[in-house]
Structures are given as structure tokens and as C-alpha cells.
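One-based numbering, in listed order, for ligands and for the atoms of each.
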Amino acid sequence: VQEPKTDTFDDNDQKPVGYGRMLRKEDPRLIRGRGRFTDDVQLPGMLHLAILRSPFAHAKIVSVDTSAAEAAPGVKAVVTGETLAGLGLAWMPTLSNDVQAVLATDKVRFQGQEVAFVVAEDRYAARDALELIDVEYDVLDPVIDVRQALAPDAPLIRDDLEGKTNNHCFDWETGDADETEAVFARADVVVQQDIVYPRVHPAPMETCGAVADFDAVEGRLKLWSTTQAPHAHRTLYAIVAGLPEHKIQVIAPDIGGGFGNKVPIYPGYVCAIVGSIVTGKPVKWMEDRSENLISTGFARDYIMRGEIAATRDGKILAIRTNVLADHGAFNGTAAPVKYPAGFFGVFTGSYDLEAAYCKMTAVYTNKAPGGVAYACSFRITEAVYLVERIVDCLAAELEMDPAELRLKNFIQPDQFPYTTKTGWVYDSGNYEPTMRQAMDIAGYAELRREQAEKRARGELMGIGISFFTEAVGAGPRKNMDILGLGMADGCELRVHPTGKAVVRLSVKTQGQGHETTFAQIVAEEIGIPPADIEVVHGDTDQTPFGLGTYGSRSTPVSGAAAALVARKVRDKAQLIASAMLEVTVADLDWVKGSFQVKGDPSKSVTIQQIAMRAHGAGDLPDGVEGGLEAQICYNPSNLTYPHGAYICVVDVDPGTAQVKVRRFIAVDDCGTRINPMIIEGQVHGGLTDGVGMALMEMISFDEDGNCLGASLMDYLIPTSLEVPDWETGYTVTPSPHHPIGAKGVGESATVGSPPAIVNAVVDALQPFGVRHADMPLTPSRVWDAMRGRATPP
Ligand code: CDP
């Protein structure tokens, strides 16, 4: 373990420290119930909006009769797709260059699609009136099985797109097909495995919602909404509504979890805006749990065929995959334009390969749109699952220990920066110490001995390993954008005369603790205590432009911006200090919090004294303006590539096929660690997510397209009862291009843990000859696997 260069302190004292285990500044507000979420916004005269959703997955809309609803008590407006079409607002762009119906006009394309909305005096009146809207549907055959979507006789879903004759969404490929074929042809061993990453849902604690307040006199829109990307959303509203950005204020107040679910723009947000324009009053829309589960951005839904080629002694040569991607009825992902399959290209994992190739076909189906990056950087979860499963399949084929196989094939420290066969440039990494530490914490050799003894007694114990490399922190802007908006982030820092500071960010926390860690980053650079640094975010009127928080990009991009803007302020402070101390700039040393004259520490000025001087009476050095503030826009030169080694120990009950996660060891490397306590919290949360995906969660559909996971009774998410005490460790391999060497960590554990758990369960089932079983590994699926029955799709 390389010890990071950080101060560690457990109380939030006033020491001018930066990095360390600082308690979260936002918690006194949040844990006392004093947070202010979208649903807490109350405005005078505010009305409430409820949305009528389609009960069918695929149906023509014959007629919509709203007369009874309009006459219901308390109802102020009823709006249909036809009304919106008249305003040119029936369709909106998605963040993936597709269009999506705000309210259906011609037909509905998934169960839960928005058909009409009611605005009423209260939430109950609005909901009751929905039942009075009479919609006549002409039901069509739905396309539910993704494998049937491209069949010549499959019903056409997107007949709204001109010239569209099939359900094809896009094709994408990466790597070199011929080179990979040649390597496969000469390999000693080739293993192939079909692997499904099922549709899951981010299911944040707070559902999505908005409060829209349109001021017709000023032509100004104020929108509180559950958005992870306030500035990007504002620009999209500006384009759709034809209003300039400065007339639109998007406020993301406290957010109860996002996990990618709050990146897309949902019809509900647009409906709230239209509702306010139509009624002239503020309008609130807050979806319920079922609406969130059936209609907002799902994640994953990839059917992958993985192939791996190796020598007999375990040198991995190449990986190839063919993916069928289910994008639902509208392509509602939010991925950089050049990357329609997100960052799936990192499916080569942490291994030094000779060749790699991926071919992907994405299709439309009659299911909710999405494909959002649920706690991952644009499809990296799917990529890591594929490679870490297929490497385990290879280990089984070679009868080699899976840890040994991985250690033998890691990219070596002296190979960084390492360009993968699919063109990604890994910035830094030192994989073996991370892996060895996880094995040490686990007592790997001892666990294998225990397993052998248990197997001899007929007990089912499994040990699963996953070693991941992530790519987080999108941009750079030259090849990454969302709808043409470059992936960079602005940051502004103002130091007041008394030495207190405000830092304004374009990213937006949804619980990750930015109010604390960004204050720490600035504190580390300019020596003002974190307690004296206010973090302002989530309000487009108050913050510089930037692309928002998702894909663990806040620390790699906005964190870099915060460090650099602070350095800019420090440079100016140095000029002022040189005048105050009557020495040249070169004669000053920076000692966190003050400038000292070289060789004479008794002559020094603190940052607070400099701040007062910067704003005070009297002359400043020539060319130095008054005030102590700076602004920058940071464009990352590359992504950052955190890595981690995870080991999971499970016991499977041979009688019930129930899986119990007995131990889980997670060693993460996210470069320089700003706040280890927050990092551990992020890792604990992500690991819990991983248990959910591996063992419990799946959004499935019946053959008519009815969503079977529409409540938390059916869509199981893990609680503390299903998870063990996490055992964590860390290594530190700084990012060479990030100003403070930090890499993202928010999503590492969600990305890395599912393969470790599945590998452990498959390992436990080795006595039954099981090589693979698809998630979620519910007791019935494990039971089927034990009895050699294929997992249903
Ligand atoms: O974009 P998001 O905030 O979801 O992910 P992140 O950048 O990985 O950061 C998650 C939280 O962990 C933030 O509060 C970060 O500042 C903190 N973090 C840290 O303390 N040290 C790191 N090297 C990375 C993140």
C-alpha cells in the first residue's frame, strides 16, 4: 500500500487542511430532515400535475376524450398529445440524437408511455381526473423479445421516423475483426459463452419530478427539477422552447440519489413546463414509485456472446464479442455522440492482449427507453461483466486458478500509458499490488483450502474474483459531447475580504458529498479551512456552465477545475503577498495557508490577510486588479482509469439454492484520495448495488409487454440484511494528467462487484459442472443451474 500524502482528522476542526476523513458538511442538514428536495418546493398558487400512461406496450391511439376530466372538480387543464402537437411540442429530442414523444399522438410504444396530463388544484384531484380520460386504443402486436426485433415480419415500432422499415436502432463496432480472427485461429484454447446483462433500474430513493414556474410577463422560466445535469438540460429546454438560456433557470435542489436515472430529460419535466404555461401558475409534477420503475431510464439489457482465445499455459491472446442491445422504444441513453455504445470499448479489461473486436447491433423494442449508465461510466458495467466472466470461463477450461490467470495477464506498470486494442489510453495503473492486497485480506489460499474441505463434505462454497479497470471523467471535449455540448466543466472561486470563500461548480451532487470534498480540494490548494468554503451548485443562475454529474466524472473533471481555479487564485495571492512583504515573488514560499519570505518564516502573510489586502484601500502591485477570484473551464486531456480487485465468498444452500454473500473484499485504487470516509461510503453503496444486480434485480416483461417489475414488491433491491460487512482496502496510483492525481470512484463498486458475485456462485456450483448462469441469481435460477436447465431469457 502506498500511503497517500494526506492529513487525516476525524473532527471538522479549523485546521487549514485539505484531504482527509472529514465529516460531511451536508449531513447536519440531510440527517435532520432539513434537506430541500424538489417535492419540498411550495409556491403560492401552485397546481399539481398527474400523467395518464398507456396500459399497452404497442397500440394505435384512435381517440382521446377529455371532456369528463375537464369537468371534474379542481381540474384546471387537461392536455393531450394533440394539444402539444398544435404547439409543436409533441416530440422532443433525446440526449442520444433520437426523438421521443412527450405525449403520444399517433400510437403508444411502451407500457407506461405518457398519453395525457391533468393539472389540478391538488395531487388527488389530478390523479382522480386521470381516470375520467377515455382513450380508445387499437392494440398492436408488441416486440418484446429483443432477438425477434429484426425478424422480417416483426411489427414496426418507429413508424414515426421517415423511411424506417425495421426496428434497427444502430450498428457499432470497435477493434480489428481480421486481426482478431487471425489470433483466434492460432490460439490453443478458445472459449465461448453467451452472457446476458439483464435490464435493471437505478431506482433512486427519490423519484423524478419538477416544479415549473413560467412568468409570462418576463418570458422567464424557473424550473426546479431532479436533474444530474442542470446546464445541459437548460440548453435543451432553450432549444425546444425557443427561449434564450438566460431566461431559463434550472435549479436542482437536494437530490435523493441519481445513479444515472436523472440524466435524461423526461416527458414529465416538459409536461410541467407546458402545464405552467397553459395555466399561468406554478405546476408541480412528482412521479410515484411505479411510474419511476416503468417509464424512466432503465440500464443494461445487453445480450453478449463472449469469446476468449489463449495459449494452453494461460496467456490471454484476444477477446471478441457480439452484442445485441435492447434500447427500448426511443433511444433515450445519454452517451457522447461518437460513442453510441458508451465506453463499452473497454471490454478488453485489465489485460495485455494481442487483438480485440466487438460488433454490436442495437434495436428498438416496445419497452421503456433508457440504457442509462446506472452507476457506471456509459456501459462500462456491461464491459467489465463480460470480460470478468469470460476470463473465469477460461480459467475453468484451463483448470487454472482464476487469480493466477489474472496475475499472469495484467498490463504491467511500465506499459502505462497503455493503448488498448480498441484505442483507449489507460493513464496509469499498478494492478498486481491491488490484487495481492485483496488476496491477503481475503486469506485467499486459506479460503481455497476451506472450500476443498467443504466440497468433500458436499457443501457449496464459492470464491469469485473480479479485477476491473474503469474509464471515468468524460471528456475530453474534442471527442466527447452530449448533443453537441463539449464535456468540460466550469468552476469559479471567490475569496471574500475576510478570507471566507465560495466555490461554484457546474456538477451537481446527488448524495456523493460534493459540498465537503470540493471544499477540501480548494482548502488543500489555498489553505482556507474547508468549513470556511461554501460550495454552490445545482443552480444555472449561480454556477458556470458544465456538463453535470454522471459516470463518476465530478472529481476527474470538476475536481480538476476546482484545484486549478484555486491555484489561479493562489498565484494572484502571491503577487499581492510579494507587495505586502516587499520581496519578489520568487522570494516567497507557500506554506499551506500563508506565504513566507524564503529563509525568514517570521515574515509571512496568511491567505486571509492577503484577501483583505486584495479588497482593501491602497495600491496593489502594477497590473493586479482588486479582488481575489478566478474562473476557469477545465477540459480534461484524457479520462482517468481507476481499478480495483474484488473477492467474494458465497455459500449456496444445496436444499434451497439460496445464495448468501458471506464475505466481500474490495480493494480500490482511485488515485489520490480526497476524503477516505466518503470513498468508503461510495464503495459500500456500490457493492450493495452489485449484490442487488447479481442476486435480485431484474425488470422483466410478459409477452404482451406488461412490465413485471413495477413496484418494489416485485423489483427487489437489497437491504442491510442481504449484504455482509464489507472489507475494504486501497492502493494509490495517481492519474498523471489530473492536477491532483485523483481518479473517480463513485461507480467503481457497482461496476466491479457483479462479476465477483456471479463468479463466486458459479464456482460454488462447480461440482454440478456449471460454467455460467445468468443474473439475477435468484434461488430458482441457481436451482435450475444445479439441475442443468438453461436460464430463461
Ligand atoms: O461524479 P461523482 O461525484 O458521482 O463521482 P466521483 O467523482 O467518483 O466522486 C464521488 C465522491 O467521492 C465525491 O465526493 C468525491 O469528491 C469523492 N472522491 C474522493 O474523495 N477521492 C477520489 N479520488 C475520488 C472521489
ring-ring contact (aromatic ring centres under 6.0 Å, His included) between Phe344 and Tyr302, worked out | CA-CA 11 Å; Phe344 188 79; Tyr302 269 19; 5.6 Å; yes
Provide, to 0.1 Å, the distance between atom 23 (N) of ligand 1 and the closest protein heavy atom, together with that atom's residue and name.
-> Thr672 O, 2.7 Å
So is there a nitrogen or oxygen of Cys670 less than 3.5 Å from a nitrogen or oxygen in ligand 1?
-> yes
So which bit of Ile674 gets within less than 4.0 Å of ligand 1, heavy atoms only: side chain, backbone, both or neither?
-> both
Any side-chain donor-acceptor pair under 3.5 Å between Tyr426 and Ser350?
-> no
Taking both backbone and side-chain atoms of Arg673, is any N or O found less than 3.5 Å from an N or O belonging to ligand 1?
-> no
Who's the nearest protein heavy-atom neighbour of atom 10 (C) of ligand 1, and how far?
-> Gln682 OE1, 3.6 Å
Tyr418/Phe410 under ring-ring contact (aromatic ring centres under 6.0 Å, His included): CA gap, chis, key distance, verdict = CA-CA 11 Å; Tyr418 178 86; Phe410 281 152; over 10 Å; no
Which ligand 1 atoms, with their elements, are less than 4.0 angstrom from a heavy-atom of Gly744?
-> 8 (O)
Does a donor on one side chain and an acceptor on the other come within less than 3.5 Å for Thr517 and Asn675?
-> no
Is the closest side-chain heavy-atom distance between Glu245 and Thr235 below 4.5 Å?
-> yes
Measure centre to centre between the rings of Tyr646 and Phe468, then say whether the value is under 6.0 Å.
-> yes
Winner among Val472, Asp668, Thr555 once heavy atoms are compared against atom 25 (C) of ligand 1 = Thr555
What protein heavy atom is closest to atom 5 (O) of ligand 1, reported as residue, atom name and distance in Å?
-> Ser552 CA, 3.5 Å
among protein heavy atoms, the one nearest atom 16 (O) of ligand 1 is Thr517 OG1, 2.8 Å
Test side-chain hydrogen bond (donor to acceptor under 3.5 Å, both in side chains) on His737 and Ser428 and set out the steps.
-> CA-CA 9 Å; His737 63 85; Ser428 63; over 6 Å; no
min-distance protein heavy atom vs atom 3 (O) of ligand 1 -> His514 NE2, 2.6 Å
State whether a side-chain donor-acceptor pair under 3.5 Å links His233 with Thr227.
-> yes
Just let me know how Ile678 lines up against ligand 1, side chain, backbone, both or neither, with a heavy-atom cut-off below 4.0 Å.
-> side chain
Got a second to check how far Lys508's NZ is from His514's NE2, nearest 0.5 Å?
-> 9.5 Å
Of the backbone atoms (N, CA, C, O) and the side-chain heavy atoms from C-beta on, which set of Ile521 has a member under 4.0 Å from an atom of ligand 1: side chain, backbone, both, or neither?
-> neither
Flag the pair Tyr431 / Phe467 as yes when their ring centroid distance falls below 6.0 Å, and as no otherwise.
-> yes
Those atoms of ligand 1 less than 4.0 Å from some heavy atom in Asn675 | 20 (O)
Using a 4.0 Å heavy-atom threshold (strictly under), name the region of Lys743 that reaches ligand 1: side chain, backbone, both or neither.
-> backbone
Who's the nearest protein heavy-atom neighbour of atom 4 (O) of ligand 1, and how far?
-> Gln512 NE2, 2.9 Å
What atoms of ligand 1 come closer than 4.0 angstrom to any heavy atom of Gly746?
-> 5 (O), 6 (P), 8 (O)
Check whether any heavy atom of Pro556 sits under 4.0 Å from an atom of ligand 1.
-> yes
Counting each atom of ligand 1 from 1 as listed, which ones have a heavy atom of Arg553 under 4.0 Å away?
-> 1 (O)
Return yes when Gly671 approaches ligand 1 closer than 4.0 angstrom through a heavy atom, no otherwise.
-> no
Can you spot which of Arg504, Gln542, Glu515 makes a side-chain hydrogen bond (donor to acceptor under 3.5 Å, both in side chains) with His537?
-> Glu515
May I ask you to list the atoms of ligand 1 that are less than 4.0 angstrom from any heavy atom of Ser554?
-> 1 (O), 2 (P), 3 (O), 7 (O)
Test applied, salt bridge (charged side-chain N to carboxylate O under 4.0 Å, His left out); reference residue, Lys743; option that passes from Asp427, Asp668, Asp669 | Asp427
